[in-house]
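One structure is given below, encoded as structure tokens.
Values below: every heavy atom of this structure, side chains too, minus hydrogens, waters and symmetry copies.
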Amino acid sequence: FRSRRFGGGFWRTAGPRGVRLRSIRICVASTRFYEFERHLKVQQACSMAGESRQSKRRRVDSDSAPAGYRLTAAHPYGARPGGDGLVLGCRANMGAFRALPDSLLLDILGLLPPESLGRLACVSRAFYVLAHDSELWRTIAVDLANVSGKTPAGLQLNAGQSEPLSALRTTLPFRFRGTWKDTAVALFEMCRGRSAPPRHAPLRVSDFYSDTIFSAWMCSSLVVPPEWTAIENVDRRSELSLAAFQEEYEVPNRPVVITDVVKEWPAFSSWNLDYLLAASQGASFEAGPVSLPLDAYWEYAKDSTDESPLYVFDPKFGETVPQLSQDYETPVYFSEDLFSVLGPRRPNYRWLIIGAAQSGSTFHVDPNGTSAWNATITGAKKWIMLPPGCPPPGVHPNEDGSEVTAPVSLAEWFINFYPALQDLPNPPIEFISRAGDLVFVPSGWWHCVLNLDDAAAPGAPVVAITQNYVSSANLPTVCQFLRDRREQVSGCPEETAGSLYELFVGELKTQRPDLMSRTNAPTCVERPPTLWESLRGDGEASQPFTFSF
């Protein structure tokens, strides 16, 4: 797999002793970056003077993507696949650096502050492309957007400016400016009391070859092939009674799509982009590493070319915008919510989800052993689901599930591993949830979700509500998780996570003694062993969970 580049920006922890590497300043050119770009533009214009206007229009080369795939645009800096330097091209001017793989070069460049990164882009055509890697500038922009009361290493304030950086940013809300470089440079300059410079215009380099650089672009600009969305093998039900749901799906732990519940909510008819913008004025939402207003997020989502786009996944929307929580109600199938006995100490359990096409969530299992429901309000989502103990091809959890090795993005997984799904002994469940569909996600099931550009409303955001819950059916699984995997408990403060099992069981004994006595019955606590437990043959590990007080 391509390595995921975490950290970067101004700080990084590295080495066996966790040595903090300060920003490395590389003085490689005395010419200012923008002057260099103007000079390069003149050279490019001269070289193209004899070309016709038609020949200047760049088209996506059919050899730039694997057979059967199409891209929406060519790489903005002209990068092409070529074995990370097996085709030398403009790397001849990189000196000794050409011996390093691009993944390592990008890790090194991730240690640089923005000024040094800009200077490095002036050195050669190869460094020009590498130093404009979007992920580098995204890390810098996020670091600047999340500064809290201190100046990051490598960022010097102008003389006479004694205020902390956070004070300077109080009037500078995060706004995406078309690219992560433009966003980072604007924040950087504004924090120093200067106006944002003109937006950057990429220059195409004709002979730069890199699988590392190109593959990220390919994944971000790929047109979703029709075969990715062709399979539909999930149960779809309407007029489903509570008893039938429990008997056929919840107790057997099987997914289902219910088609006639969400359409009765006020949210189904009112939650378009204009309504959400008006209802959420003054509120910010969590979108990965940043928190921003919905209008600022949508500015990003419309223009983003990220391989793994940010998307709103906010657990506090009901508190910040109460109006939204009044536009829907918990379906009757999921009304038993046993975590509610914890009151304000309960883990996060409901989220507002908003994203553009190509955003979504990579393969995962829902937290704390819970089950979930997911209601699509607008747009469409591609789902792939596999039962507990059966991780998908290309996804490798460790023994206790605390760490997972997987491709960087959903698109990368689909390109490399989606065909292998059909070779599994038991094919996974695949389907598309459209506006008005309610998906039941059983406890322990692996699943991924890819937001699609819905033909019924092209360009519109994909909006959904999801909620995790504990019921009588999955209570043994949840309690076993809370007891045996305390370090993996999520959604609550760290000081509470380690003791959540005792808190939860104590409240259940007080508020639901009838439930506890029923749950202690052997017929209620037995569960089939997971695939890992059956393969390992560990007698202790394969024992069903029981309560012990």
Side-chain angles (χ1 to χ4, degrees), residues 8-9 29 31-45 48 56-58 60 71-79 106 109-110 112-123 125 127-147 154-155 158 168-169 171-206 208 213 216-217 220-221 287 289-290 292-293 295-310 356 358 459:
T31 307
R32 288 184 60 84
F33 179 55
Y34 298 114
E35 293 174 351
F36 169 80
E37 283 198 313
R38 285 197 296 270
H39 175 68
L40 197 56
K41 286 178 182 178
V42 171
Q43 288 186 323
Q44 186 183 56
M48 298 175 64
K56 294 179 185 178
R57 296 186 61 182
R58 302 285 182 176
V60 179
L71 305 184
T72 58
H75 191 280
Y77 296 95
L106 291 171
L109 267 56
L112 303 180
E115 287 179 320
S116 295
L117 197 59
R119 292 190 184 101
L120 184 62
C122 303
V123 174
R125 288 177 296 166
F127 273 121
Y128 178 78
V129 179
L130 289 166
H132 281 97
D133 178 68
S134 179
E135 190 71 18
L136 296 174
W137 291 99
R138 170 168 159 166
T139 301
I140 292 172
V142 168
D143 283 349
L144 288 168
N146 290 331
V147 167
L155 179 60
N158 289 341
L168 296 175
R169 290 207 64 255
T171 58
L172 301 175
F174 178 88
R175 292 285 174 177
F176 189 71
R177 290 171 54 86
T179 67
W180 281 111
K181 181 189 175 180
D182 285 321
T183 303
V185 170
L187 288 170
F188 183 79
E189 296 295 339
M190 291 178 185
C191 286
R192 302 183 69 178
R194 302 196 297 233
S195 60
R199 294 195 178 187
H200 167 67
L203 302 176
R204 291 177 58 85
V205 175
S206 60
F208 181 83
I213 296 294
W217 172 259
S220 69
S221 58
V290 296
L292 68 172
D295 60 339
Y297 168 76
W298 194 242
E299 287 178 8
Y300 157 82
K302 289 187 301 181
D303 297 331
S304 171
T305 56
D306 286 352
E307 179 184 4
S308 298
L310 301 178
Q358 304 286 78

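- The OG1 atom of T179 lies 7.0 Å from the NE2 atom of H200; values are rounded to the nearest 0.5 Å.
- Between P197 and E189, the closest side-chain pair of non-hydrogen atoms falls below 4.5 Å.
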Exercise. For F208 and Y77, run ring-ring contact (aromatic ring centres under 6.0 Å, His included): C-alpha distance rounded to whole Å, both residues' side-chain angles, the deciding distance at 0.1 Å, then the answer.
Key: CA-CA 9 Å; F208 181 83; Y77 296 95; 9.8 Å; no
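- Q358 approaches S220 most closely through the heavy-atom pair NE2-O, 4.0 Å.
- With hydrogens and angles disregarded, no donor-acceptor distance shorter than 3.5 Å links the side chain of D182 to the backbone of R199.
- By the side-chain contact (heavy atoms from CB on, under 4.5 Å) test, T183 is found to be paired with A141, F174, F176, R177, W180, L187, residues two or more places apart in sequence or in another chain being considered.
- Distance check, rounded to the nearest 0.5 Å: OG1 of T305 to NE2 of H75 gives 8.5 Å.
- D295 is listed as a side-chain neighbour of R175, based on a closest heavy-atom distance under 4.5 Å.
- Evaluation of the ring-ring contact (aromatic ring centres under 6.0 Å, His included) rule for F127 yields F97 as partners, not counting sequence neighbours.
- What you find for L144 and A184 is that their closest heavy atoms are CD1-O, 3.6 Å.
- A heavy-atom distance below 4.5 Å is found between the side chains of I140 and L117.
- Residues A196 and M190 share a closest heavy-atom pair of CB-CE, 3.6 Å.
- Residues A73 and W217 approach most closely at O-NE1, 3.1 Å, considering heavy atoms.
- The main-chain N or O of A301 is never found under 3.5 Å from a side-chain atom of S304 such that the two would form a donor-acceptor pair.
- With hydrogens and angles disregarded, no donor-acceptor distance shorter than 3.5 Å links the side chain of Y128 to the backbone of R204.
- W137 pairs by the ring-ring contact (aromatic ring centres under 6.0 Å, His included) definition with nothing, not counting sequence neighbours.
- Taking both residues in full, the closest heavy atoms of L310 and Y300 are given as N-OH, 2.8 Å, listed atom of the first, atom of the second, then distance.
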Quiz prompt | E115 vs R192, salt bridge (charged side-chain N to carboxylate O under 4.0 Å, His left out): CA-CA, chis, key distance, verdict | solution = CA-CA 13 Å; E115 287 179 320; R192 302 183 69 178; 2.8 Å; yes
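- S221 places no side-chain N or O within donor-acceptor distance of the main-chain N or O of L71, the cut-off being under 3.5 Å.
- Distance check: D303 CG to E299 CD gives 8.0 Å after rounding to the nearest 0.5 Å.
- Remark: D133 CG to L136 CG distance equals 4.5 Å, nearest 0.5 Å.
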